[in-house]
Visitor: 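First, the structure itself, so that you have it in front of you.
Only heavy atoms go into these numbers, but all of them, side chains included; no hydrogens, no water, no symmetry mates.
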Amino acid sequence: MQDEKKYIVAVDLGSSHITGAAGHYNGEGRLVVDAIEVKESRDCIKRGRVINVSDVALKLSQIFRQLEVRISPYKISQVYVGVGGQSVRSVDFPIVRVISSEAPITEELLAELEEEARSHVLDNNLVIFDVIPGEYRIDGRVTHTPCGEYGSEIRVSYRLIVGNEIHKRNIDRVFEQIKMPIAGYICTANAAASVVFSDEEFRQGCALLDCGAETTTLSIYRDSHLSYMITIPLGGNNITRDITSLHVKESEAEIIKKAYQPQQDDSPRVDWGLKDFYFDEVTSKEIEDAITARMGEIVANVKSQLLNTGFSSSLGSGITLIGGGASLKGLKELLEEETHLEVCRGTLMGVLLPSGVNGAVSMPVIGLLRKGTNVCAASLYAKPSEEEGPVNPDSKRVRSGKTQSSDSNIQSRFTTLWGKVKGMVDEES
């Protein structure tokens, strides 16, 4: 009998597309992406926030059914949900704990500290989606491997990924409607970085700029830790709308945006190869002005964030672009000119993909699979284990922060499923 696969399932709720994926780790500890399914979300998700709960629920139901067909006979029992969009950002939250110098630091202590950070109460209707450990210090000394070390005081610099309470409430409503437990919320930007950057780039300092349809997310890493994350409420759709304001159809505006070529010199600019388009009321110069003005606004916001944080000088590996807007011509050059940093487009690292899958487009959801730790799908023909351990070889500790009913719902569904299968077998015998 073939070995049971321990599938991780994740979903990215983007402003232009909802993407679901299922994957597992092979015998070599490498992430294998088995299936990716995509649905458009333009009318039901705005700036990363769920607007129409029922529409998102319907699209997710379709995605999960399609994923189950691809990984049959496995059935999805829970999913990880990526968090991003407007209002989502990082907040520093250091914890200092006096400990016994006679006992070593354990995983249990670190889990306890993380739970304390996750339970922190925020003001202004903000909630915590994810908690990302940063720098560890034992008696003032920096360490990357605190477990097993001794000291009288430990300090952990956590990054709380926070967002508007309504944002989380609507996501919860979606999954309640389709009766699918949430295994945990994961910061999408941090997840994407895990499949884009190498360990060396993390150590040298780097920034990830995810250029989405409605938002642009900047995440900054220094000394291998997430130092800052912010969502800018501007994206590629803003450029498209600026072009349509010049009396151009939206479908044509999208094509024009992608075909745009920036001015390289003082020579007259023509139609960027768009010979099939004839504009009665607008010139190519007006379109170019609209594109460059909005692009400049996005870059100005990124530059402002870098200057305000003071991290520009510590980004030895520069800025990496991902997302649909990363392919916009001229963006890379403008970022380099304004930030004085090296800029490149991101490539997927260390992941096996099915044929026909565009890894560049799917980086966020693939990163969510990489960050997931627990089994999210069970075989119809295997009796579930009462205690399922982590499936991610890179994770030493199971991520906390599940929904309160998640464990009981999963066990209930497993038990019911096994009962039905067992009953069918008993009847036939």
Side-chain angles (χ1 to χ4, degrees), residues 83-84 87-101 103-124 126-163 184-194 197-208 217-231 305-317 367 370-371 373 394-401:
V83 179
S87 85
V88 176
R89 62 186 187 276
S90 67
V91 175
D92 294 343
F93 186 71
I95 290 181
V96 180
R97 177 78 63 87
V98 176
I99 56 178
S100 171
S101 59
I105 294 172
T106 62
E107 287 285 354
E108 289 73 17
L109 173 60
L110 297 183
E112 183 181 328
L113 294 176
E114 181 174 322
E115 186 58 36
E116 180 180 337
R118 196 176 293 276
S119 303
H120 179 61
V121 178
L122 299 167
D123 298 327
N124 302 321
L126 294 176
V127 294
I128 298 172
F129 284 100
D130 197 3
V131 173
I132 301 172
E135 183 181 75
Y136 293 95
R137 285 182 177 269
I138 300 175
D139 294 341
R141 175 178 48 82
V142 176
T143 178
H144 297 289
T145 55
C147 286
E149 295 193 23
Y150 289 78
S152 58
E153 180 187 270
I154 181 172
R155 178 188 177 95
V156 187
S157 300
Y158 288 103
R159 298 291 183 272
L160 308 182
I161 305 301
V162 305
Y185 287 101
I186 300 175
C187 175
T188 303
N190 189 54
S194 71
F197 294 127
S198 65
D199 291 342
E200 182 179 358
E201 288 172 315
F202 277 126
R203 286 193 297 269
Q204 290 180 344
C206 51
L208 184 70
T217 303
L218 173 68
S219 50
I220 300 174
Y221 295 84
R222 299 183 307 154
D223 299 324
S224 301
H225 301 301
L226 176 67
S227 297
Y228 185 74
M229 194 273 284
I230 191 71
T231 303
Q305 293 296 329
L306 289 171
L307 291 175
N308 290 340
T309 59
F311 295 153
S312 295
S313 60
S314 58
L315 301 181
S317 295
R370 169 69 63 79
K371 288 293 184 180
T373 56
D394 296 329
S395 300
K396 297 181 180 179
R397 190 167 67 253
V398 177
R399 174 182 299 273
S400 58

Visitor: Count the heavy atoms belonging to other residues, nucleotides or ligands that lie under 6.0 Å from CG of Asp139, then report whether that count exceeds 12.
Guide: yes
Visitor: Does Ile154 form a side chain to side chain contact (heavy atoms under 4.5 Å, CB included) with Leu113? I'd like the steps, not just the answer.
Guide: CA-CA 10 Å; Ile154 181 172; Leu113 294 176; 4.2 Å; yes
Visitor: What are the two closest heavy atoms between Ala117 and Ile95, and how far apart are they?
Guide: N-CD1, 3.8 Å
Visitor: So, taking the atom named CZ in Arg89 and the one named OG in Ser219, what distance separates them when rounded to the nearest 0.5 Å?
Guide: 16.0 Å
Visitor: Can you give me the closest heavy-atom contact between Gly151 and Ile138, atom names plus distance?
Guide: CA-CG2, 3.8 Å
Visitor: Can you list everything that forms a ring pair (Phe, Tyr, Trp, His ring centres under 6.0 Å) with Phe311? Sequence neighbours excluded, please.
Guide: none
Visitor: Indicate the atoms forming the closest heavy-atom contact of Val88 with Thr231, along with that distance.
Guide: O-OG1, 2.9 Å
Visitor: Check the pair Val83 / Asp130 against side chain to side chain contact (heavy atoms under 4.5 Å, CB included), numbers first and verdict last.
Guide: CA-CA 8 Å; Val83 179; Asp130 197 3; over 6 Å; no
Visitor: Nearest 0.5 angstrom please: Ile132 CD1 to Tyr158 OH, how far?
Guide: 12.0 Å
Visitor: How close do Leu208 and Ala193 get, counting heavy atoms only, and between which atoms?
Guide: CD2-N, 3.7 Å
Visitor: Passes side chain to side chain donor-acceptor pair (under 3.5 Å), Asp92 versus Ser157? Steps please.
Guide: CA-CA 7 Å; Asp92 294 343; Ser157 300; over 6 Å; no
Visitor: Got a sec, which residues hit side chain to side chain donor-acceptor pair (under 3.5 Å) with Arg203, two or more places apart in sequence or on another chain?
Guide: none
Visitor: Using every non-hydrogen atom in the two residues, find where Ile105 and Pro146 come nearest and quote the distance to one decimal.
Guide: CB-O, 3.4 Å
Visitor: Quick one: does Ile128's side chain get under 4.5 Å of Tyr185's, heavy atoms only?
Guide: no
Visitor: As a quick check of understanding, evaluate side chain to side chain contact (heavy atoms under 4.5 Å, CB included) for Ser90 and Ile161, giving each step before the final call.
Guide: CA-CA 5 Å; Ser90 67; Ile161 305 301; 4.0 Å; yes
Visitor: Does some side-chain heavy atom of Glu135 sit less than 4.5 Å from a side-chain heavy atom of Val156?
Guide: no
Visitor: Taking Tyr228's backbone N and O only, do any of them form a donor-acceptor pair with Arg159's side chain (distance below 3.5 Å, no angle check)?
Guide: no
Visitor: For Thr143, enumerate each residue passing the side chain to side chain donor-acceptor pair (under 3.5 Å) test, keeping only those at least two apart in sequence or located in another chain.
Guide: Glu149
Visitor: Starting at CG of Leu315, measure out to OG1 of Thr309 and round the result to the nearest 0.5 Å.
Guide: 7.5 Å
Visitor: Ser317 side chain to Gln204 main-chain N or O, any donor-acceptor pair under 3.5 Å?
Guide: no
Visitor: Between Pro133 and His225, what is the shortest heavy-atom contact and its length?
Guide: O-ND1, 4.2 Å
Visitor: Say you draw a straight line from OG1 of Thr188 to NZ of Lys371; how long is it, rounded to the nearest 0.5 Å?
Guide: 12.0 Å
Visitor: Set out, in order, the CA-CA distance, both residues' side-chain angles and the distance that settles side chain to side chain contact (heavy atoms under 4.5 Å, CB included) for Asp199 and Ser224, then state yes or no.
Guide: CA-CA 7 Å; Asp199 291 342; Ser224 301; over 6 Å; no
Visitor: Within a radius of less than 6.0 Å around CD of Glu200, do more than 12 heavy atoms belonging to other residues, nucleotides or ligands occur?
Guide: no
Visitor: Once rounded to the nearest 0.5 Å, what's the spacing between atom CE of Met229 and atom SG of Cys187?
Guide: 4.0 Å
Visitor: Find the distance between CD (Glu201) and SG (Cys206) and round it off to the nearest 0.5 Å.
Guide: 6.0 Å
